[in-house]
Every structure is written in structure tokens, then in C-alpha cells.
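Everything below concerns the one structure shown next.
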Amino acid sequence: MNNKGLFITATDTDVGKTEVAAALAAFIKSKSEHENVNLWKPVQSGVIIGDPNADSYRLLHGSGLDQQEKDIATYTFPKPLAPWVAAKREGKEIDFSVLVEEGLKRLENSDFLITEGAGGLIVPIAENKTIADLASELKLPLIIVARAGLGTVNHTCLSISYARTMGLEVKGVILNGYLNGNDPALKENITMIENFGRVPVLGKLPWLDFENEQGIDWTARRQQWMNLIEKHLDLKLLF
Ligand SMILES: Nc1ncnc2c1ncn2[C@@H]1O[C@H](COP(=O)(O)OP(=O)(O)OP(=O)(O)O)[C@@H](O)[C@H]1O
Ligand SMILES: C[C@H](N)[C@H](N)CCCCCC(=O)O
Ligand SMILES: [Mg+2]
């Protein structure tokens, strides 16, 4: 496995990969010896560059890294669909070999590269290629972001199991978005995932109330996430 980066995947779309990837990038940049930390989103869909909801936009501002938004994502498609079909709807296709070459080049040019997938692992990006195939070609270890509540044990263990069939190393699971840190079900979910998935749960992150924000103070948000990562995640397994 390549120890120069991490591939952030999840049990589903909308689970928090972008939030976690941006926060981890900010944390690694500020707290580790890695100088040239970069983020990469091979393919994003349902957005356009410059849209504040775009993964590339939120990765850039959420991490505070010195990158250009247009350089963070390689492919961007407007339809909120699986990348393969989002491209087809535009009369385009994703060239898997281009993504692999791009990923290897970015790994070469980074001290540490955090790559964010799209949706979960078995998400089609080309006729016979998925997000898992890309992670596998890049030999990047996975972080699996998972929901914190009921249903997550099955989804997470299925993702771990599939990662193993693809020869991928799962560095750990991050449960994201819990509402009540004292809920015994949270601790029980962690125990079941570690017991049946046989990978560490690196920690849990709370659901933050962004709704009441009047505009986003990205510096404050970055600091909030870094504090939470330092407090809640056991990162010594990561780097
Ligand atoms: N812990 C959290 N607290 C508050 N909001 C969160 C948290 N985690 C995720 N969100 C919000 O939930 C939504 C989905 O999160 P995010 O975009 O990170 O998912 P994703 O897994 O990257 O999705 P995709 O598969 O589209 O890349 C976003 O609006 C994000 O800001
Ligand atoms: C549009 C969304 N936000 C993601 N970019 C793509 C999610 C693809 C999920 C495919 C699937 O598992 O059904
Ligand atoms: Mg995302």
C-alpha cells in the first residue's frame, strides 16, 4: 500500500467524505511533518466548479490548502448521478486510465495526498470500472466514513468486506454525524463494527449545526473541525 496518502470513501453518498477529507487535510497540513499536502477529487457530479456546494469548493475552503479549485477535481458533471452515467448524460465518458495516471502523478508531486471518492466503493465511473478500482490501482489505503446510527453496522461491514475482496487496506472507519455522544447505541455500533469488520473505528464526529450560519467563516469552521479531529479521532494509525 502507498503510505503517501489516503483514499476517503464511505458507505454511501452524502455521508461526510468531503467534510472529513477537508478536515483531515487541514489537520495533516498543520500538525504533521508533511509540507506538500494536497487534495484530489477525481470525479464529482451534481455540481459545477465555483458552486459553494461543490465538493471541490468545500474541499478547498474546508482545508485551507493552497490549491486552485479547478485543479482539485479532474472530472465535474452537473447531473447528480453516478459518475459513469453523469458523464454519459453529457455525451462524455470518464477515461479510467487518465484518472489512474493523474492520481499517480499527484502522488508523485505530493508529500501526502488525500483523495475523495464519490459515493461509496461500488460506484461506476466507467463501463467496467468503479471507485474501488481506482483506489486499488493507486494502492491507497482507505478511510471509510460511515453514518453513526442504526443501519451503519451492515453498510460498514459490507464496505469493509468488499474492500478486502479488492485487495484494499482499510485503515479505519470514522462514524460521522452522531447527535448524542452519550447514546449507548453509538458505542455498541463501534463495538459491532470492530468485532465483525475487524478494523478499528478511528473515532466519531458529531453533527455540527451549520444551518444557523450567516455565511461561512471558513477559518472558524476549519478550526472547529481540527479541534474535533484532535479530540475524537485516534490518528496515530493514519500517519
Ligand atoms: N458532521 C457533520 N455536521 C454537519 N453537517 C455535516 C456533517 N457531515 C456532513 N455534513 C453535511 O452533510 C452533507 C453531505 O456531506 P458531504 O458532502 O461531506 O458528503 P459526501 O460523502 O462527501 O457526499 P458525496 O458522495 O456527494 O461526495 C453536506 O451538506 C455536509 O456539509
Ligand atoms: C451525486 C452524488 N452527490 C455523488 N457525487 C455521486 C453518488 C453516486 C452514488 C451511486 C449509487 O451508489 O447509487
Ligand atoms: Mg463529497
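As a basis for the values below, the full set of heavy atoms in this structure was taken, side chains included, without hydrogen atoms, waters or symmetry mates. Ligands are counted one by one from 1 in listed order, and the atoms in each one are counted from 1 as well.
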Does Pro80 reach ligand 2, in the sense of a heavy atom lying below 4.0 Å from it?
yes

Just jot down the ligand 1 atoms closer than 4.0 angstrom to any heavy atom of [X], in number order.
X	result
Gly16	9 (C), 15 (O), 16 (P), 18 (O), 19 (O), 20 (P), 21 (O)
Lys41	27 (O)
Gly119	25 (O)
Glu19	8 (N), 9 (C), 10 (N), 18 (O), 30 (C), 31 (O)
Pro206	1 (N), 2 (C), 3 (N)
Glu116	22 (O), 27 (O)

Could you see which bit of [X] sits under 4.0 Å from ligand 1, with heavy atoms only: side chain, backbone, both or neither?
X	result
Val145	neither
Arg58	side chain
Arg221	neither
Asp55	side chain

Say whether Trp84 and Thr130, considering side chains only, have a donor N or O and an acceptor N or O under 3.5 Å apart.
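Note: Trp84 and Thr130 side chains miss the donor-acceptor criterion.
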
In terms of heavy-atom contacts, Ala10 and Lys17 come closest through CB-CG, 3.5 Å

For the residue pair Leu24 and Ile114, what are the closest heavy atoms and their distance?
C-CD1, 3.9 Å

Looking at ligand 1, would Trp225 count as a contact under a 4.0 Å heavy-atom criterion?
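Yes; Trp225 lies near enough to ligand 1 that a heavy-atom distance drops under 4.0 Å.
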
Would you say Asn176 touches ligand 1, if touching means a heavy atom closer than 4.0 Å?
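True for this residue.
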
Nearest protein heavy atom to [atom], by residue and atom, and its distance?
atom	value
atom 8 (C) of ligand 2	Ala82 CA, 3.8 Å
atom 25 (O) of ligand 1	Lys17 NZ, 2.6 Å
atom 3 (N) of ligand 1	Leu208 N, 2.7 Å
atom 7 (C) of ligand 1	Trp207 CZ3, 3.6 Å
atom 26 (O) of ligand 1	Thr13 OG1, 3.3 Å

Under 2.8 Å from the Mg ion (ligand 3), the protein N, O or S atoms, given as residue and atom
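The answer, once waters are left aside, is Thr18 OG1, Asp55 OD2, Glu116 OE2.
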
Can you list the residues that meet the salt bridge (charged side-chain N to carboxylate O under 4.0 Å, His left out) rule with Lys41, with sequence neighbours excluded?
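With neighbours one apart ignored, the set is Asp55, Glu116.
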
Donor-acceptor check, side chain of Asn38 to backbone of Phe112, threshold 3.5 angstrom: yes or no?
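Absent.
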
Between the main-chain N or O of Cys157 and the side-chain N or O of Ser161, is there a donor-acceptor pair closer than 3.5 Å?
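Not confirmed, Ser161 side chain does not pair with Cys157 backbone.
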
For ligand 1, is there an N or O atom under 3.5 Å from any N or O atom of [X]?
X	answer
Val15	yes
Asp12	no
Asp14	yes
Ala10	no

Give the C-alpha distance, both sets of side-chain angles, the deciding distance and a yes or no for side chain to side chain contact (heavy atoms under 4.5 Å, CB included) between Leu175 and Val145.
CA-CA 6 Å; Leu175 292 191; Val145 181; over 6 Å; no

Using a strict 4.0 Å cut-off to heavy atoms of Ser45, name the atoms of ligand 2 that fall inside it.
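Per the distance check, 1 (C), 4 (C), 5 (N), 6 (C).
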
Could you tell me which atoms of ligand 2, counted from 1 in the order shown, lie closer than 4.0 angstrom to a heavy atom of Thr13?
2 (C), 3 (N), 4 (C), 7 (C)

Any chain of hydrophobic side-chain contacts (each under 4.5 Å) joining Ile8 to Leu208?
yes

Is the [atom1] atom of [X] crowded by more than 12 outside heavy atoms at less than 6.0 Å?
X	atom1	answer
Asn195	CG	yes
Glu93	CD	no
Lys4	NZ	yes

Any protein heavy atom at under 4.0 Å, with atom 19 (O) of ligand 1 as the reference point?
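Within 4.0 Å: yes, protein heavy atom nearby.
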
Under the 4.0 Å line, does any protein heavy atom show up next to atom 13 (O) of ligand 2?
no

Could you check whether any side-chain heavy atom of [X] comes within less than 4.5 Å of a side-chain heavy atom of [Y], counting everything from C-beta outward?
X	Y	result
Thr9	Leu168	no
Val123	Pro83	yes
Ile174	Ile143	yes
Gln44	Ile49	yes

Is it possible for you to check whether Arg221 lies under 6.0 Å from the centre of the six-membered ring of Trp218, through NZ or CZ, and within 45° of that ring's axis?
yes

Hey, can you tell me if His61 and Tyr57 have their rings parallel, tilted or perpendicular (30° and 60° cut-offs)?
tilted

Taking the minimum heavy-atom distance to atom 9 (C) of ligand 2, which of Val123, Leu81, Ile125 ranks first?
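Of the listed residues, Val123 has the closest heavy atom.
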
Which is it for Lys79 and Glu90 under the salt bridge (charged side-chain N to carboxylate O under 4.0 Å, His left out) test, yes or no, and what are the steps along the way?
CA-CA 9 Å; Lys79 295 275 190 309; Glu90 307 301 312; 3.7 Å; yes

Looking at Asn2, Leu104, Leu113, which hits side chain to side chain contact (heavy atoms under 4.5 Å, CB included) with Leu138?
Leu104

